[in-house]
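The first residue of the sequence shown is numbered 1, and numbering continues consecutively from there. Every heavy atom of this structure was used, including side-chain atoms; hydrogens, water molecules and symmetry mates were not.
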Amino acid sequence: MILTQYYLPETGAPQNRLASLAGHLQRLGWQTKVLTAMPNYPRNVVYPGYEGKRYVEETINGICVLRTWIYVSASRSIIARLLNYFSFVFSSWKAGRKLSGIDLILCESPPLFLGITAVLLKRKHGAKLVFNVSDLWPESAVKLNIISNPLLIKASYWLESWIYKAADLITCQTQGIEKNIKSRYSQANTHWLPNGFDFDENPLPDDDHRVGDKSLQGKKIIVYAGVMGHAQGLDTVLHAAGMLLERHDIRFVMIGDGPEYNKLQALKTSLGLINVIFTGHQPRQQVLRYLSISQAALVPLKNIPLFRGAIPSKIFEALALRKPIILGVDGEARELFIDRVTCGIYYEPENALSLKNSILTLIDDPVTMQRMGEDGYQYVQSVFNRKVIAEALHNKLLYLDI
């Protein structure tokens, strides 16, 4: 059973990654089901058809999906967030304890609090627990000032320790996360479970890739597709766009939604950025259409030590479409996708001038741009193919003596 607060039909990195993993594990012989919340991400509004429901059972892409109630609010206060997290902790526990035949639980974190449900269900069913860490909580929340209360920070670190010690296997989305956990819990059984791309599916839309925006025709397009949150530092992108206003052939397309969306819209207006287009939230196929007509994809994060171990998932879809990346992430991502294999160009995180110069260096050299995109495609296909990643996890699980 995969236990996660986020799942299809929501769009986003964990939703797509876990849906792919569920499908691959089922094809490898696991009877797989998902226990998740009513869909509401990223707009914090429960999707049509699920409003007011406490429990829903459905099938998505051949996977049994069980949904339970979750508190949803447009407020970004810490109280509203905690109510959101803990409402699902309790509702998923209530539903999960009534299930039968659960031998293995794979729990997705963040949110870290869902580990409470995972440990309790592990004990209830006598199951093995795999705890998948896609982001280090509470460390990320503390360094991004999402959590500042000393008592809450102390309690969160205690909870992290309790969950890690209860887990039979800790899977880590990046090598940096794995190294961090092993440095603090030397006895932990860990496994690198990176994100990637499903090459079993056709990455390109079935149509001729048009996006219905005539203002983009004949332009050199830079795409950002993802959450517009605190971690991305997207104001740097807008300031770089301001430095490129005289380049009438360049357009920035900003796809997504999130807590910083309104602030970024206001900044665009104040800077007079006629070269920046905000599309809002888009279905995955439409995101792929925008990427398919672009010259490169932006991958930014704030310049803090925490993100030296981050590998943003947007890297994989861009490279699967043979589009080079403009990477504003130092550390592991830079080492893997710029130094080891040149899949794009690096700029200093949160440095608008560095970003502007990197964009011009790349976009005015179409031969190099095409080579980087092709090299990135070959690299992701061989190393970050989700089918291969799932098979490696399957082999690791066989040693848990289920």
Side-chain angles (χ1 to χ4, degrees), residues 1-43 46-47 49-50 56-68 70 88 92 95-96 99 102 104-111 114 118 130-135 171-173 191 193-206 225-227 255-256 281-288 291 311-321 380-381 384-394 397:
M1 181 179 74
I2 295 175
L3 176 63
T4 173
Q5 185 168 318
Y6 309 103
Y7 199 71
L8 303 180
E10 296 174 343
T11 57
Q15 293 88 338
N16 294 330
R17 170 170 47 82
L18 292 172
S20 171
L21 182 62
H24 283 300
L25 289 177
Q26 186 140 292
R27 284 189 286 273
L28 288 166
W30 296 85
Q31 184 180 351
T32 309
K33 63 181 63 176
V34 176
L35 179 56
T36 189
M38 299 297 167
N40 64 91
Y41 180 87
R43 298 180 180 177
V46 175
Y47 284 28
Y50 297 91
V56 171
E57 184 171 340
E58 59 186 342
T59 299
I60 300 179
N61 298 334
I63 302 296
C64 175
V65 179
L66 314 174
R67 298 188 182 275
T68 65
I70 185 170
F88 182 61
S92 60
L99 301 176
I102 305 298
L104 173 69
I105 299 166
L106 189 152
C107 178
E108 170 77 4
S109 174
L114 192 54
V130 177
F131 195 68
N132 185 59
V133 182
S134 59
D135 193 6
T171 51
C172 310
Q173 192 166 319
H191 173 74
L193 185 67
N195 200 352
F197 191 84
D198 261 318
F199 285 90
D200 289 345
E201 65 180 26
N202 181 8
L204 285 171
D206 294 331
V227 175
I255 306 171
H281 174 74
Q282 296 290 323
R284 183 167 182 267
Q285 283 297 98
Q286 187 70 351
V287 173
L288 294 177
L291 281 170
I311 303 179
S313 60
K314 55 183 66 66
I315 289 174
F316 303 106
E317 287 188 339
L319 296 180
L321 292 171
V380 169
Q381 188 179 49
F384 297 96
N385 188 324
R386 281 178 175 163
K387 181 179 180 181
V388 176
I389 292 167
E391 288 171 351
L393 176 63
H394 164 76
L397 296 178

Can you tell me how the ring of Tyr41 sits relative to the ring of Tyr6, calling it parallel under 30°, perpendicular over 60° and tilted otherwise? perpendicular

N/O donor-acceptor pair under 3.5 Å between [X] side chain and [Y] backbone:
| X | Y | value |
| --- | --- | --- |
| Ser134 | Ser109 | yes |
| Gln26 | Gly62 | yes |
| Arg386 | Gly196 | yes |

If you look at every heavy atom in [X] and [Y], which pair is closest and at what distance?
| X | Y | result |
| --- | --- | --- |
| Tyr47 | Thr11 | OH-N, 4.3 Å |
| Met38 | Glu10 | O-OE2, 4.3 Å |
| Arg67 | Pro39 | NH1-CD, 3.5 Å |
| Ile105 | Ala118 | CD1-O, 4.1 Å |
| Glu57 | Leu66 | CG-CD2, 3.4 Å |
| Ala22 | Ile2 | CB-CD1, 3.8 Å |

Pairwise side-chain contact, [X] with [Y], heavy-atom cut-off 4.5 Å (strictly under):
| X | Y | result |
| --- | --- | --- |
| Asn132 | Leu21 | no |
| Leu288 | Glu317 | yes |
| Thr4 | Pro14 | no |
| Asn40 | Tyr50 | no |
| Leu104 | Leu397 | yes |
| His24 | Ile389 | no |
| Ser313 | Arg17 | no |
| Trp30 | Leu106 | no |

Using side chain to side chain contact (heavy atoms under 4.5 Å, CB included), reason through Ile102 and Lys33 one step at a time and then give a plain yes or no. CA-CA 10 Å; Ile102 305 298; Lys33 63 181 63 176; 4.3 Å; yes

Say you draw a straight line from [atom1] of [X] to [atom2] of [Y]; how long is it, rounded to the nearest 0.5 Å?
| X | Y | atom1 | atom2 | answer |
| --- | --- | --- | --- | --- |
| Gln173 | Asn195 | CD | CG | 5.0 Å |
| Lys314 | Leu319 | NZ | CG | 12.5 Å |
| Phe316 | Asp198 | CZ | CG | 12.5 Å |
| Gln15 | Gln5 | CD | CD | 10.0 Å |
| Glu58 | Ile63 | CD | CD1 | 12.5 Å |

